[in-house]
Amino acid sequence: MDKHEYQKRYELNRRQFLKMAGIGAAAAAVFPAMNYLPRNWAYAQAVGKNAEERAVNGALSLAKKLKKKEITVMIPSGSEGGFLPYLPDWEKATGIKTNMITVPMAEIVTKCMNEAVTKSGTYDVMLPNPYGLPDLVESKLAMDLTDYVKKYNPELTGPNGVIKPIYLYGNLYKGRVYGLLTDGDINNWIIRRDWLNDEKNKEAFEKKYGYPLKKPVLFPELWDQMKFFSDPSKPRYGGWLGMSPYYAKWEFLEVFTSFGILPFDDKMRPTIAGKEGIQSLNEIIDVKNTMHPGHTTGGWSEQYKAYAEGTTWATVSWPSFIKYNNNPKFGKAAGKMEYCQAPGRKLKDGTIFSPARFTFGWSYIVSQYSKVPELAYCWAQYMYSPTVSDKIVRTEGTFFDAFRYNHFNDPKVGQFYDKDRWEELLKVWMTNAKNSYPEIVLRGGEEYNSRLDENVIAAYQGLKSVEDALNDTAKQWDKITRRYGEKGQIEQWTYLKSCMGDNFRKVMNLPDPPDWINKI
């Protein structure tokens, strides 16, 4: 379909628009131009049956006033495979070209912060990680997209919306929309199905521990299983928990959160150095000898390859791990994985609380210094839309995992990860998504994360006691909070608590998110 066909199909003339908007002829006579519409009026000039069409229509309208019809987008190196097949469709529909600039993943945040300082306007759209959103907002780089969201309706919610609660903590800062999260990086737990179903394993495990071998529901059950399956002489390992730099914080926080506690209280005072934090870190250290030997130095790539060796019982990772390890070209775990809800903890009232973590991810932001910010937003909404994103998340070479409800209802998406057992996978993945919590999405988020990471690793390596490591972290966190300002940090933390899954709200009596968000 060429540009003119798109225009004929999608563009509405002025009379049609006024009719749809409920504006009569008299009003049109009094206000001959569209400029009278308030900026935050929902769907003010955006028409179309879905988010994709509204983005196209917006771009077509805006492009009429532009001499240079191009959008410049900064993306992480390696992610271009997810975009390239769909850029020609965008250009054909709108006449707008896309200039893709790839940047190494480790340099994304630095490049963004450099742009905040230089204000060059080089980039219109950027794809940083959601946990860095507060710093990008406060540095005046990330544009407030709330009015564009109300105007164009990217379908944050609804039957094709972003899974709740991910859309709340992946897109917003202090209750305003600054990003469009485009990557469902929920971490799922995986064990070996063939080992689980082996009758000899079942008999030996129950004889040793006094209860049946099954998918772990509680962390103590997982620890028992790791110890049972560990036999370095074969070699066979109980698990891979990432206790290397950058990863260790995630492992600790998932175990800690299972006690029904968040890392800060209502006043932003750290809670991690209490008895639950000490027990969490001690539990992880207790299974250290069961781990794959690469877990203290390796990152995600090494983890994927290590599990493909076929010698490890359990691990937790992103959806792309599942896709990689279901490919028989890469190793011995293909077709042999069992997908698990995140292990949890039985609380005092008998409730089993099983929080799952959302880590990393990617989010579209629009630069404050873009010369075409609304057009840049339309580009982002086009790629983010339910229809286009459904194709992106199942494209070879993509960085982006399923994040919308329509993705989880599409068999092609499920089969992209597991051709045979995709329905079971999507069910587990959805459960974990609904029960998920975000990273520390605060100003200085990278600093909070790094201090925790360093101290957890120091305790794991025996360089500090568990108590000293967590107390040191708490003191360092207090300093970070004071440096950025307690009032602002508490405001964002209060908002962030309202974004947790329903399971968190029930267990911790957390507030609901602001009303207006559910009305978008």
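Positions are given from 1, in the same order as the sequence printed here.
- Taking 4.0 Å as the cut-off between side-chain N and carboxylate O, Asp266 and Lys497 count as a salt-bridged pair.
- Two rings, from Phe228 and Trp313, have their centers 6.0 Å or more apart.
- Residue pairs that meet the ring-ring contact (aromatic ring centres under 6.0 Å, His included) test with at least one member in residues 330-350, sequence neighbours left out, are Tyr324-Phe330.
- Geometric assessment of Lys506 against the ring of Phe504 yields a negative cation-pi assignment under the 6.0 Å and 45° thresholds.
- Using cut-offs of 30° and 60° on the angle between ring planes, the pair Phe403 and Tyr384 is parallel.
- Checking Thr395 against Tyr86 by side-chain atom types alone, a donor-acceptor pair falls below 3.5 Å.
- Aromatic rings of Phe360 and Trp362 (six-membered ring for Trp) have centroids within the 6.0 Å cut-off, being under it.
- Geometric assessment of Arg345 against the ring of Phe259 yields a positive cation-pi assignment under the 6.0 Å and 45° thresholds.
- Taking the side chain as every heavy atom from C-beta outward, Leu218 and Ile352 approach each other to under 4.5 Å.
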Subject >> Steps toward ring pair (Phe, Tyr, Trp, His ring centres under 6.0 Å) verdict (Phe83, Phe400) >> reply: CA-CA 10 Å; Phe83 291 107; Phe400 313 117; 5.4 Å; yes
**OP:** Evaluate the criterion ring pair (Phe, Tyr, Trp, His ring centres under 6.0 Å) for residue pair Phe416 and Trp422; output intermediate values, then yes/no.
**Re:** CA-CA 8 Å; Phe416 185 69; Trp422 59 272; over 10 Å; no
**OP:** Take Tyr237 and Phe229 through the test ring pair (Phe, Tyr, Trp, His ring centres under 6.0 Å) and record every step on the way to the result.
**Re:** CA-CA 6 Å; Tyr237 308 104; Phe229 282 111; over 10 Å; no
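- For the residue pair Gln225/Glu221, the side-chain donor-acceptor check at 3.5 Å is not satisfied.
- There is a side-chain donor-acceptor pair under 3.5 Å between His292 and Glu309.
- In summary, the side chains of Glu155 and Ser385 do not present any donor paired with an acceptor at a separation below 3.5 Å, with no hydrogens or angles considered.
- A donor-acceptor pair shorter than 3.5 Å can be found between the side chains of Asn455 and Lys464.
- In this structure, a donor-acceptor pair under 3.5 Å is present between the side chains of Tyr304 and Ser320.
- Relative to the six-membered ring of Trp195, Arg236 meets both conditions, a distance below 6.0 Å and an angle of at most 45° to the axis.
- Side chains of Trp189 and Glu254: a donor on one and an acceptor on the other come within 3.5 Å.
- Taking 4.5 Å as the limit, some side-chain heavy atom of Val441 sits within range of a side-chain heavy atom of Gln492.
- For the residue pair Glu439 and Tyr169, no side-chain donor N or O sits within less than 3.5 Å of a side-chain acceptor on the partner.
- With Thr271 contributing its side chain and Pro263 its backbone, the two residues share a donor-acceptor pair below 3.5 Å.
- Using a 30° and 60° split on the angle between ring planes, Phe256 and Phe252 fall in the parallel class, below 30°.
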